[in-house]
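Notes for the one structure printed next.
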2 protein chains.
Amino acid sequence: MPAPPAQPARRGRGRPTRPVLTADGITAEAVRLLEERGQDGLTMAALARRLGVAPSALYNHVATKADVLRAVQDDVNRGIDCSGFADLPWDEALARWAHSYRDAYARHPALVPVMAVTPVDSAPHTVAMYERVCAGLLAGGWPPHLVADVVVAVESFVLGSALDTQAPADIFDPGRLPAPALRAATAARPGGDTARAAFALGLDALLAGLRALRAGAPG
Amino acid sequence: MPAPPAQPARRGRGRPTRPVLTADGITAEAVRLLEERGQDGLTMAALARRLGVAPSALYNHVATKADVLRAVQDDVNRGIDCSGFADLPWDEALARWAHSYRDAYARHPALVPVMAVTPVDSAPHTVAMYERVCAGLLAGGWPPHLVADVVVAVESFVLGSALDTQAPADIFDPGRLPAPALRAATAARPGGDTARAAFALGLDALLAGLRALRAGAPG
DNA sequence: ACCTGAACACCGTTCAAGT
DNA sequence: ACCTGAACACCGTTCAAGT
């Protein structure tokens, strides 16, 4: 959190008597901006305006906008629930983690491509998350050489599902094109939160398959 | 394909004697540009330059850049292999489709967010793809009310996996942060194409789970 | 060291003018 | 109808000048 300066800082146009910005304060404001205004709303200019500062001032604390996104991502990962890996069976822990992970990125879909590609190095909360997940899978008897693949597979499904939450409800409407099977399938689909239903079905299937795979391994 | 004009068109600065551009020609060039220069390389200015035209000329044929991306996406979907749904068991067809789908979007990761969110309406190849997939699942005995969820679940995994192919090899390196389980898991991971290994494991698990679910349904 | 303000090289998009 | 070229309202980023 950006500790509010005891005295109102910065008047003139030189160096302020006390720093106005901190890297953490920039990150916190970026998270808020992303939540309120979405992907396109997070610009360096908008971020600076909300911090009461000229855009160029940000560059004293971050190197690039990608830097800001990485910090925001680590902050989002801080909120993902890994608690199950401490005391639940690995599959139940994985289910809890996957749900929490999906929900977090459904709130921040712009971060999905960032998360899929950004090295974990120097992102402390992200490393802590993976550490708990890997420890839980190892404790659950998964052979070490498969653990990373299991994590990546579940994560790929989670991030794809997070993107899917952004799809409009009528995404599968074929318009005036002929598509009887597609029409039948969408017509038979129950109403409600369809993205959540697809996620639940897929996660159940994925976990059932992983259980079967795990049962075939020693340990 | 943009049929090359029989005579060199366009000299002066008024209306050309023959149209220089077509919507299909713009799409074809956009696909090439995206493959050669990647996401950031696909700008309206670069597209216009390669077509020998001023950027504003594009707007006589497409309404927005998002329009171009939608057309590119439908063109990419044209290349996805749905052949299995005609004569293979549904699970084998789904596996073939998923592999082809993942490979196509691994080549065009910038389209992943587009694909996840864009309505299928007026995208003929995309509608044709979903039609074959749904028909195959219905023919395989899936209850109609589950078909769309199965499609979306597999698709979410595929698109997440396509993004994962863009991750650097050392994405899980925790740097100097303490993370023994994460280190053990990454150290035990065999070399080679790790993204493909994770995709194969996840797809196997997902399909095994879907088979079990399908076996519990009538048909 | 850390801010401001001007500047740079871009974006996507609009629109009057030309044929 | 379909092009050009100028223009608009943006981007992210750099940098000299100020304290």
Side-chain angles (χ1 to χ4, degrees), chain A residues 2-27 29-30 33-34 37-72 110-111 113-114, chain B residues 2-27 29-30 33-34 37-72 110-111 113-114:
Chain A
Q7 318 259 15
R10 181 178 58 86
R11 322 305 316 275
R13 47 198 67 198
R15 178 191 182 192
T17 60
R18 280 191 41 162
V20 179
L21 297 174
T22 65
D24 285 350
I26 292 172
T27 301
E29 196 61 48
L33 189 52
L34 191 62
R37 301 259 191 270
Q39 173 163 206
D40 296 344
L42 178 50
T43 68
M44 297 299 269
L47 188 51
R49 182 161 14 89
R50 288 173 57 128
L51 290 162
V53 121
S56 53
L58 299 171
Y59 291 89
N60 289 301
H61 300 89
V62 301
T64 62
K65 186 183 177 178
D67 243 38
V68 176
L69 284 175
R70 274 191 289 273
V72 167
L111 294 178
V114 179
Chain B
Q7 319 258 17
R10 182 179 58 86
R11 323 304 317 276
R13 47 197 66 198
R15 179 188 180 195
T17 61
R18 280 190 40 162
V20 180
L21 297 175
T22 65
D24 285 351
I26 292 172
T27 302
E29 196 61 48
L33 189 52
L34 191 62
R37 301 258 191 272
Q39 173 162 206
D40 296 344
L42 178 50
T43 68
M44 296 301 268
L47 187 52
R49 183 161 13 90
R50 288 173 58 129
L51 290 162
V53 120
S56 53
L58 298 171
Y59 291 89
N60 290 302
H61 303 273
V62 301
T64 62
K65 184 183 177 180
D67 243 38
V68 176
L69 284 175
R70 274 190 290 272
V72 167
L111 294 179
V114 179

Euclidean distance, atom CG of residue A/Asn60 to atom P of D/dC15 [Å, nearest integer]: 13 Å

B/S/- contact track for nucleotides 5-12 of chain D, protein heavy atom under 4.0 Å: B-----SS

Non-hydrogen atoms of A/Ala30 and A/Val72 that approach each other most closely: CB-CG2, 3.6 Å

Base-pairing string, 5' to 3', of DNA chain C - Watson-Crick or wobble, under 3.5 Å, | interstrand: ||.|||||...|||||.||

Contact summary for A/Ala45 and A/Pro55, nearest pair of heavy atoms: CA-CG, 4.2 Å

For B/Leu21 against B/Ala57, the heavy-atom pair lying closest together: CD1-O, 3.9 Å

A/His61 (side chain) donor-acceptor with A/Ile26 (main chain) under 3.5 angstrom: no

Atom-pair distance (CG on A/Leu51; P on C/dT4), nearest Å: 11 Å

Presence of A/His61 side-chain N/O under 4.0 Å of C/dA1 phosphate oxygens OP1/OP2: no

Minimum heavy-atom distance between B/Lys65 and B/Thr43, given as atom pair plus value: NZ-CA, 4.3 Å

Separation of atom CZ in B/Arg15 from atom P in C/dT19, rounded to whole Å: 14 Å

Rounded distance [0.5 Å steps], CZ in B/Arg37 versus CG in B/Asp40: 12.5 Å

For atom CD1 of A/Ile26 and atom C1' of C/dC3, their distance in whole Å: 12 Å

Heavy-atom side-chain contact between A/Leu34 and A/Leu111 under 4.5 Å: yes

Test log, rule side chain to side chain contact (heavy atoms under 4.5 Å, CB included), inputs A/Leu69 and A/Leu42: CA-CA 10 Å; A/Leu69 284 175; A/Leu42 178 50; 3.9 Å; yes

B/Val53, nearest nucleotide to its side chain (from C/dC2, D/dC2, D/dT4): D/dT4

